Protein chains: 2
Amino acid sequence: MPDRAPLELERFLPYRLSILSNTVSQAIAREYQTRFDLGVTEWRVIAVLARYDGEGLAAREVAERTAMDKVAVSRAVARLAAAGRVIRRTHRGDRRRSVLRLSARGWAIHDAVAPRARAHERDLLARLDVGERECLERILDKLLGAVPTA
Amino acid sequence: MPDRAPLELERFLPYRLSILSNTVSQAIAREYQTRFDLGVTEWRVIAVLARYDGEGLAAREVAERTAMDKVAVSRAVARLAAAGRVIRRTHRGDRRRSVLRLSARGWAIHDAVAPRARAHERDLLARLDVGERECLERILDKLLGAVPTA
DNA sequence: GCAGTATAGTTTCACTTGCAACCATTTGCA
DNA sequence: TGCAAATGGTTGCAAGTGAAACTATACTGC
């Protein structure tokens, strides 16, 4: 017997996650998309470069830490480098690798965008009570735990 | 003083939502993408047509219920109609409107895919305990409540 | 009943994204 | 050494996506 009970899309977890994620991301993205001509992928690259600034990162490491594939990273970095927002050198000792760092201009973008991103997150969480916030943390840890890039 | 404290991407809520949503959606999509040559948008159209089968839906209504824009719906429907999976008639009394229904072949797709989609959802929820599941429901309702298409 | 406006849906165009093939360099191992 | 396999990164192509223009039909007020 076929399962004709139709799927209720609007109660379906993956669907709701997709809507929520898109809505939230777009809301934040709008902030920097037009103002800084910065795409989501580029913003992610900037964020990880800011975080692991010390030694400079290879593109592959950026890809790991952003859950983006290497093509997306390559293109984002190309655009960022062209705009003078990241500095791309070649790794001495392994000339396949690039060594990526934020330029002063890149840091300026980060410093302008990061607080706004955090504010958005705060606004979102403000709609939940304390218990729900804790619970959401736990849920995300559990569900993302099994994911490769976590 | 600039906010140089770098954003921790991997703890950032919008980022984690995005990863989770993509991972989950892709896992399900793989099931039908290659097997049935069916895109995500097409699957959503099939799901709502299955759900509101009685009278046949207009494309606009499909768009509302899938959180897709009318262009995406138009294209998905065109592809589905070409594959004989939906039947497209013209509304008598308002010839601008189309009246969309699943064909037998469309129902067959639905009946094959829906249980697998549900199984994926179950697997996902199985990683949470009862309290967390309830909490997730509440959280999604709250966070999606303010969203236009809900 | 007719001009202007609103609505349903499609088409077009510019842009993004993902996959696969590709080049360069390095590593592993006979 | 020296050649096959692996790795870092880029490029090309095909498919997906969104905004705006366009067509066709229906409604509204005069």
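Just so it is clear, the model here is predicted, and its values are computed rather than measured.
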message: Applying side chain to side chain contact (heavy atoms under 4.5 Å, CB included) to B:R118 and A:L7, what does each step give before you reach the verdict?
response: CA-CA 8 Å; B:R118 266 193 270 265; A:L7 192 84; 3.8 Å; yes
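- Near-neighbour residues of DNA chain D inside residues 71-81 of chain B, defined by a heavy atom below 4.0 Å, number-ordered: B:V71, B:R75.
- Looking at A:E121, its side chain does come within 3.5 Å of a backbone N or O of B:L13 through a donor-acceptor pair.
- B:R60 places no side-chain N or O within donor-acceptor distance of the main-chain N or O of B:K70, the cut-off being under 3.5 Å.
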With a cut-off of 3.5 Å and sequence neighbours excluded, list every side-chain donor-acceptor pair involving residues 98-105 of chain A.
residue	atom	partner	partner atom	Å
A:R101	NH2	A:G54	O	3.2
A:R101	NH2	A:E55	O	3.2
A:S103	OG	A:G84	O	2.6
A:S103	OG	A:R85	O	3.2
A:S103	OG	A:R105	N	3.3
A:S103	OG	A:G106	N	3.1
A:R105	NH1	A:A83	O	3.1

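- When hydrophobic clusters are built by joining Ile, Leu, Val, Met, Phe, Trp and Tyr residues whose side-chain heavy atoms come closer than 4.5 Å, directly or via intermediates, B:I87 is not grouped with B:F36.
- Counting heavy atoms from C-beta on, the side chains of B:R79 and B:D37 come closer than 4.5 Å.
- One end of the helix from C:dG1-D:dC30 to C:dA30-D:dT1 points its axis 20° away from the other end's axis, with each axis taken from 5 pairs and the angle rounded to 10°.
- If you take CD of B:E64 and C1' of C:dA8, they are 12 Å apart, rounded to a whole angstrom.
- With respect to B:D94, the side chain to side chain donor-acceptor pair (under 3.5 Å) criterion is satisfied by exactly one of B:R96, B:H91, B:R92: B:R96.
- When side chains are defined from C-beta on, B:R127 counts as touching A:L143, because their heavy atoms get closer than 4.5 Å.
- For A:R16 and B:D141, the salt-bridge test passes: some basic side-chain N is under 4.0 Å from an acidic carboxylate O.
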Got a list of protein N/O to nucleotides 25-28 of chain C N/O distances below 3.5 Å?
residue	atom	partner	partner atom	Å
C:dT25	O2	A:R96	NH1	3.4
C:dT26	OP1	A:R95	N	3.0

- request: Decide side chain to side chain contact (heavy atoms under 4.5 Å, CB included) for A:T41 and A:T66; before the verdict, give the C-alpha distance in whole Å, the side-chain angles of both, and the deciding distance to 0.1 Å.
  value: CA-CA 9 Å; A:T41 56; A:T66 52; over 6 Å; no
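- Of the possible donor and acceptor atoms, none in the side chain of B:S21 sits under 3.5 Å from a partner among the backbone N and O of B:L17.
- Side chain of A:E137 to main chain of A:E134: no donor-acceptor pair is present (N/O by atom type, distance under 3.5 Å, no hydrogens or angles).
- A:L38 CG to A:H110 NE2: the interatomic distance, rounded to the nearest 0.5 Å, is 11.5 Å.
- Panel note: side chain A:R116, backbone A:I28; no donor-acceptor pair is recorded below 3.5 Å.
- Each of A:R51, A:R44, A:R65 was scored for a salt bridge (Lys or Arg N to Asp or Glu O under 4.0 Å) with B:E10, with one residue passing: A:R51.
- Of the residues in residues 26-49 of chain B, B:T41 come within less than 4.0 Å of DNA chain D through at least one heavy atom, sorted by number.
- Two residues, A:K70 and B:A58, neighbour DNA chain C, and the one matched to the more 5' nucleotide by heavy-atom proximity is B:A58.
- Boundaries of the chain B contact region on DNA chain D are D:dT17 to D:dA26, first to last in 5' to 3' order (nucleotide atom under 4.0 Å from a heavy atom).
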